[in-house]
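Keep in mind that what you see is a predicted model, and the values were worked out from it rather than measured.
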Amino acid sequence: MGLDCYIVHGNNRDKGFTHEDDDRIKDINLCGGMMSGHGSDGSFRGKVYEPLIDDLMQHEGGIWHLEGEDAHITSQELKEQADALGQLITAKLEDADELDEVLKDDTIIYQSSIGYEYTFKEVCDLETLFRVASERGAVMTVWW
């Protein structure tokens with residue numbers, strides 16, 4: 001089964017958090033799901049990105065697989081996940097600099113423990129989405 005993730009307003013979870021709420025996410029492009037978009041509308045296919053966050057947060061499988069009527073990822077948790085993504089980005093940029101290389105958008109910078117590969121742009125886009133959402137008090141709901 002899939003996992004679709006939706007960034008929504010913290011004070012109104014029926015209202016999606018989109019690029020209209022913050023221009024910084026208008027060019028986000030993540031993998032979309034059956035019911036979710038590609039990031040700029042605040043939604044994306046969580047099944048693709050959950051393994052990355054599981055690895056970075058040292059969580060054993062399914063950090064976003066929440067149950068319960070009010071289950072959601074808080075603004076603080078989004079901030080922590082954005083920070084972890086930011087640390088990965090910084091480390092990869094430093095590695096590339098030491099090797100006198102340039103990271104292109106399509107450069108694979110991470111492979112999850114289950115084999116999913118992530119490009120530099122994907123990781124940057126996910127970090128931006130989570131950072132902006134956390135700064136604006138948004139939360140993430142999931143459907144699976």
Side-chain angles (χ1 to χ4, degrees), residues 1-59 61-66 70-144:
M1 186 177 270
L3 173 69
D4 288 334
C5 297
Y6 303 90
I7 306 289
V8 295
H9 288 256
N11 59 356
N12 180 359
R13 295 197 193 144
D14 291 329
K15 184 178 180 191
F17 185 81
T18 72
H19 64 89
E20 292 175 3
D21 295 298
D22 197 303
D23 197 45
R24 292 177 288 174
I25 66 170
K26 77 174 186 172
D27 294 323
I28 299 289
N29 189 20
L30 300 171
C31 182
M34 282 181 42
M35 305 298 287
S36 61
H38 298 280
S40 66
D41 68 345
S43 66
F44 59 93
R45 186 172 186 206
K47 180 180 180 180
V48 172
Y49 301 103
E50 186 181 45
L52 169 63
I53 299 300
D54 281 344
D55 285 359
L56 296 178
M57 302 304 292
Q58 300 178 354
H59 187 274
I63 196 166
W64 295 336
H65 275 79
L66 305 174
D70 191 40
H72 65 280
I73 290 84
T74 67
S75 294
Q76 180 60 35
E77 290 168 317
L78 289 173
K79 179 189 179 309
E80 292 165 4
Q81 292 172 18
D83 289 346
L85 290 163
Q87 290 170 5
L88 172 64
I89 292 165
T90 298
K92 295 301 179 176
L93 286 169
E94 288 172 355
D95 290 347
D97 189 49
E98 285 180 20
L99 298 171
D100 202 26
E101 295 176 352
V102 174
L103 293 179
K104 296 179 183 174
D105 284 352
D106 62 349
T107 302
I108 302 295
I109 65 165
Y110 192 82
Q111 182 173 350
S112 75
S113 60
I114 64 168
Y116 284 19
E117 295 181 329
Y118 304 95
T119 66
F120 179 62
K121 179 160 179 12
E122 280 181 301
V123 174
C124 289
D125 282 355
L126 192 60
E127 189 269 343
T128 298
L129 180 60
F130 287 0
R131 176 108 27 233
V132 170
S134 70
E135 289 171 359
R136 299 288 301 269
V139 300
M140 186 167 76
T141 60
V142 296
W143 180 83
W144 53 282

| query | To the nearest 0.5 Å, what is the distance between CG (Leu103) and SG (Cys124)? | reply | 8.5 Å
| field | Side-chain heavy atoms of Val8 within contact of Val139, under 4.5 Å | value | yes
| query | Quick one: are Glu122 and Asp125 in side-chain contact, heavy atoms under 4.5 Å? | reply | no
| Gly32 backbone acceptor or donor facing Ser36 side chain under 3.5 Å | no
| Flag for Thr74-Glu77: side-chain donor and acceptor within less than 3.5 Å | yes
| Just wondering, do Thr119 and Thr107 contact through their side chains at under 4.5 Å, heavy atoms? | no
| message | Is there a side chain to side chain contact (heavy atoms under 4.5 Å, CB included) between Arg24 and Glu135? Walk through the geometry before answering. | response | CA-CA 12 Å; Arg24 292 177 288 174; Glu135 289 171 359; 2.9 Å; yes
| said: For a 4.5 angstrom cut-off between non-hydrogen side-chain atoms, does Ile73 reach Trp64? | reply: yes
| message | Using 0.5 Å steps for rounding, measure from the CG atom of Asp23 to the OG1 atom of Thr18. | response | 10.5 Å
| Would you say Arg136's side chain and Asp21's backbone share a donor-acceptor pair under 3.5 angstrom? | yes
| note | When rounded to the nearest 0.5 Å, the distance separating CG of Leu99 from CD of Glu94 is 12.0 Å
| field | Short side-chain donor-acceptor distance under 3.5 Å, Tyr110 and Asp55 | value | yes
| request: List the atom of Gln111, the atom of Glu117, and the distance in Å for their closest heavy-atom pair. | output: OE1-OE2, 4.0 Å
| message | What I'd like to find out is whether the side chain of His65 reaches to under 4.5 Å of the side chain of Leu3, using heavy atoms alone. | response | yes
| said: salt bridge (charged side-chain N to carboxylate O under 4.0 Å, His left out) for Arg13 and Asp70? Distances and angles first, verdict last. | reply: CA-CA 10 Å; Arg13 295 197 193 144; Asp70 191 40; 2.4 Å; yes
| Over 12 non-hydrogen atoms of neighbours within 6.0 angstrom of CE in Met57 | yes
| request: To the nearest 0.5 Å, tell me how far Gln81 CD sits from Leu56 CG. | output: 9.0 Å
| message | Which label fits Tyr49 and Phe44: parallel for a plane angle under 30°, tilted from 30 to 60°, or perpendicular past 60°? | response | perpendicular
| query | Which value, rounded to the nearest 0.5 Å, describes the distance between Ser134 atom OG and Ile7 atom CD1? | reply | 9.5 Å
| said: Counting C-beta onward and ignoring hydrogens, is there a side-chain heavy-atom pair between Phe120 and Ile108 closer than 4.5 Å? | reply: no
| request: Begin from the C-alpha positions of Val142 and Asp4 and carry the test side chain to side chain contact (heavy atoms under 4.5 Å, CB included) through to its verdict. | output: CA-CA 6 Å; Val142 296; Asp4 288 334; over 6 Å; no
| field | Side chains of Ile89 and Leu93 in contact at under 4.5 Å (non-hydrogen atoms) | value | yes
| message | To the closest 0.5 Å, what do you measure between OG (Ser112) and CD1 (Ile53)? | response | 11.0 Å
| query | Between Leu78 and Met140, is any pair of side-chain heavy atoms under 4.5 Å apart? | reply | yes
| said: salt bridge (charged side-chain N to carboxylate O under 4.0 Å, His left out), that's the test. Do Lys104 and Asp106 meet it? Break it down for me. | reply: CA-CA 5 Å; Lys104 296 179 183 174; Asp106 62 349; over 6 Å; no
| query | Regarding Trp144 and Glu50, is there a side-chain donor-to-acceptor distance under 3.5 Å anywhere? | reply | no
| task | Determine, stepwise, if the pair Ser40 / Ile25 fulfils side chain to side chain contact (heavy atoms under 4.5 Å, CB included). | result | CA-CA 5 Å; Ser40 66; Ile25 66 170; 5.5 Å; no
